[in-house]
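Input: a single structure, listed below in structure tokens.
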Amino acid sequence: MQENVTRAVVFTLLLCLNIRLLNGESPPGKPVIFKCSSPEKETFTCWWKPGANGGLPTNYTLTYYKEGEDTIYECPDYNTSGPNSCYFSKKFTSLWSVYIIRVYATNKMGISASDERLVDVAYIVEPNPPKNVTLEIQQPEDGKPYLWIKWVPPTLADTASGWLLLQYEVRLKHEKAVEWEIYFAGQQTNFKVLSFYPGYKYLVHVRCKPDHGLWSKWSEEHSIEIPSDLNMNDETTWIFVAILSAVICLVMVWAVAFKGYRMMTCILPPVPGPKIKGFDTRLLETGKTEEFLTAFGCQGFPPTSDCEDLLVEFLEVNDSEDQQLMPSFSKKYPGQGVKFRHPDRDNDSGHGSCDSPSLLSEKCGGPWANPRTFHIPKVIEKLENLEANITCTWDPLNISTEGKIFNFHTNGSRSSTWPLPQPSQHKPRSPYHSTAEVCKLPMGPKAALATVLDKSVKDALKFSKSIEIGGEEKAVKKMEVESFPAKTEQDTAWLLPQEKTPFIPEKTLDYVEIHKVNKDGALSLTPKQKNSIDQTEKPQASEISKEYVKVVRVTDNNILVLVPDPRAQNKEAPRSLQQNQAEKDTSCFTATPSNCRLHLGGSDYLDPASLTHSFHGQFE
Amino acid sequence: GSLLLLLLMSNLLLCKNVASQPMCPSGSSCRVSLRDLFERAIILSHYIHSLSSELSQEFDAQYSQGPEFFTQAMSMCHTASLSTPAGKEQAHQIHQKDFVILVIHLLRSWTEPLSHLIIEANHLPKAPDTLIAKAMEIQEQNQRLLEGVKKISKLVDPEIIDNGDYSVWLGLPSLQSNDLESRLFAYHNEFRCLRRDTHKVDNYLKFLKCQIAYDGSC
């Protein structure tokens, strides 16, 4: 009987439960507190999301307690912030203490509790967006127009007292643009936009953030139509620019018209060609390397150790403006013919200005310091670039030149001098040894020189200058050239006969011929008729009788005073030796060589023939 | 009788005037330098709090051993005994001189704990080099800020009395605990308290700048 009753009760209960379950009733789902924030650091609100309500009316309760306290409080205000929220007013808000908050969902079937939420109000500040956003186009009289955006802080934020510090951000774009331009505006409540396109409608948003908090939402959209006729350019600036450029144009036209030539010469000075004494370009032209090289006193190439008369010091490049070779020589010598100039002087005549009788005076800083020696700009540049160390040691046999022969590094474009075309080998081959000097060129420079010379020839430079390499009083201790970066590594690159004709002077060569020798031994030289080199070269060896003269001095009239030397039993010296000697001699001529005591390989003899030839070379 | 009354009234009026006298007695130059001092102090306090926030968050990220691991680690800060305003109204109610002294008190309370934190952190696992670097930077800037606020206090009230008070820190044994978990909890708490106190200092200084140097409206 009792069993039946029990069974009936259980059955009924189960039936009821079944019915209820069939109706969908269940305890509520778990709510979730998804956000707590404070708009002004004085109050805060928490919002939750309800779970499933189980089909029954559900009640939500929020409870909290503070850290370090035991008392549990209930939410003071469920309404102010909307449904499913709890608003904590100023009275209930304490900064810098942690709230532990929970929400309970209750219905007939049961209770569900959310997870605990820890909140420190100081860190959850998220203000409202700024208000009263206004847009204006401002057109100041003396400046460009700009778009001026102004706003005020959100209502609740108390920025005046300093309790809340807000920073703002503006974004704008025109209607058809894809991306927003975002600008940070700092703590100011206005912003000027300087770059925009007239004729478009622009959309603007503003938002704000406290110093250690979260960004607000973007404010409402505000738009402004920019008038199309807005003048974005600053007129006065353009007018000024136009006038200035007109003035500049006029000045330039005037300058070109009236002083065109002078300006051109000022800007682009004419390049006098270099002349190397003894350097007969016709030889090069004809491809006669040997003869060509012998002009430099090199006995073939590569130079052998027998080459005593390294004519480095005698290598001259004259810069006679009018390119009058022989006549100018007779007239101007020695005063003007080839004078050494101080490297820093800017005289285009190419004349040396060394007053001392010695060929290479100290004032000059060396014979090769002739600033205008090489106005082969490209050559000079190349030489400058090439940093070769050419050390020439001179046998201090009264032949001395001081200073740098190769001033490749120019201070300016002045002091470059022609490199000594004495390509003595650096390591492998024996350098030139002469009683006068030994000039050692590293391989690099030689090759570089070749290339350089090559190029200069290609450019058909004028040989209006001659380098003087006097070997007078000073001992050339070192002729230093900065080391060349070797353009070619070939030992034999130096001045090989090239297809391209090297050193083709533009002007014809003027040769000098010994006209007569008077009883005093004065040599008068006349310009020789234009002949081919071959004619002059080859016959010289056989035809010209060897008369030997000795250079005593050079008079003031630029006249060479030569005396015949009865001792002149100069043997059939090798041609190159003669050349070398001649060139050494001529180097004497070019200065006021009262002190010039030439030691030409031990003989004081001057072979007129070789002299002639050297003159050829000199005045090429 | 009436004379007494008159005296009383005048005294009351004078007292009121004295109470509302500007804080900077020597005139406009004092005001300008006060503003400069506050600007500099705020730059430092803002920077210090940013560093402290990073320090606390990085520590939690690096040493947490599970979700909500550090939730249970909450304990009282050593500066909790200091009664500090917890809202704007309370802040308005404190005298400005006392407020400045309060800030100095807070700053001074962290000098010792920071130095110990730096030393002991070397014994933490997982090479906390960046953490230590940040802590050292905080320590250095904290000293500079302390000097700056002292200068401000002299300008605010030349006769201000600084007792040299500070909150005593007793947390060293926890930092040296043998139990790693206890040690981590201790560090977490220290960094949490540091973050909070630096936020207080920053907030107070920004509030005081407007109150003192700009007469209550920035």
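We name chains A, B, ... by the order of the sequence lines, and we start the count at 1 in each one. All values below were derived from every heavy atom in this structure, side-chain atoms included, with hydrogens, water molecules and symmetry-related copies excluded.
Looking at Tyr214(B), neither its backbone nor its side chain comes within 4.5 Å of chain A, counting heavy atoms on both sides. Proximity to chain A is absent for every atom of Asp197(B), based on heavy atoms less than 4.5 angstrom apart. Looking at Val121(A), there are no atoms closer than 4.5 Å to chain B (heavy atoms on both sides), in backbone or side chain. Residue contact with chain A, scored on non-hydrogen atoms closer than 4.5 Å, involves the side chain of Ala91(B) exclusively.
Using a 4.5 Å heavy-atom cutoff, the side chains of Glu42(A) and Glu89(B) are in contact. At a threshold of 4.5 Å between non-hydrogen side-chain atoms, the residues Trp163(A) and Asn203(B) count as touching.
Other residues, nucleotides and ligands contribute more than 12 heavy atoms inside 6.0 Å of the NZ atom of Lys126(B). Around the CE atom of Met74(B), the shell of radius 6.0 Å holds more than 12 heavy atoms that belong to other residues, nucleotides or ligands. Counting non-hydrogen atoms of neighbouring residues, nucleotides and ligands closer than 6.0 angstrom, the OH atom of Tyr78(A) exceeds 12 such neighbours. Other residues, nucleotides and ligands contribute over 12 non-hydrogen atoms within 6.0 Å of the NZ atom of Lys66(A). Within a 6.0 Å sphere centred on CD of Glu179(A), heavy atoms belonging to other residues, nucleotides or ligands number 12 at most. The environment of NZ in Lys209(A) is crowded: more than 12 heavy-atom neighbours from other residues, nucleotides or ligands sit within 6.0 Å.
For Gln211(B) (side chain) and Ser161(A) (main-chain N/O), a donor-acceptor pair under 3.5 Å exists by modelled atom type.
Listed options Lys209(B), Met76(B), Arg192(B) were ranked by heavy-atom pairs under 4.5 angstrom with chain A; first place goes to Arg192(B). When each of Lys200(B), His92(B), Gln90(B) is scored by its heavy-atom pairs under 4.5 Å with chain A, the top score falls to Lys200(B). Listed options Asp120(A), Asp158(A), Leu164(A), Thr159(A) were ranked by heavy-atom pairs under 4.5 angstrom with chain B; first place goes to Asp158(A).
Considering every non-hydrogen atom in both Gly162(A) and Cys210(B), the closest pair reads CA-SG, 3.5 Å.
Looking at Arg117(A) and Glu68(B), no side-chain N of the basic residue comes within less than 4.0 Å of a carboxylate O on the acidic one, giving no salt bridge.
To the nearest 0.5 angstrom, Ser50(B) atom OG is 5.0 Å from His212(A) atom NE2.
No cation-pi contact links Arg196(B) to Tyr123(A), judged by a cut-off of 6.0 Å to the six-membered ring centre and 45° from its axis.
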Could you please spell out the steps behind the side chain to side chain donor-acceptor pair (under 3.5 Å) verdict for Asp211(A) and His46(B)? CA-CA 8 Å; Asp211(A) 47 358; His46(B) 186 101; 4.7 Å; no
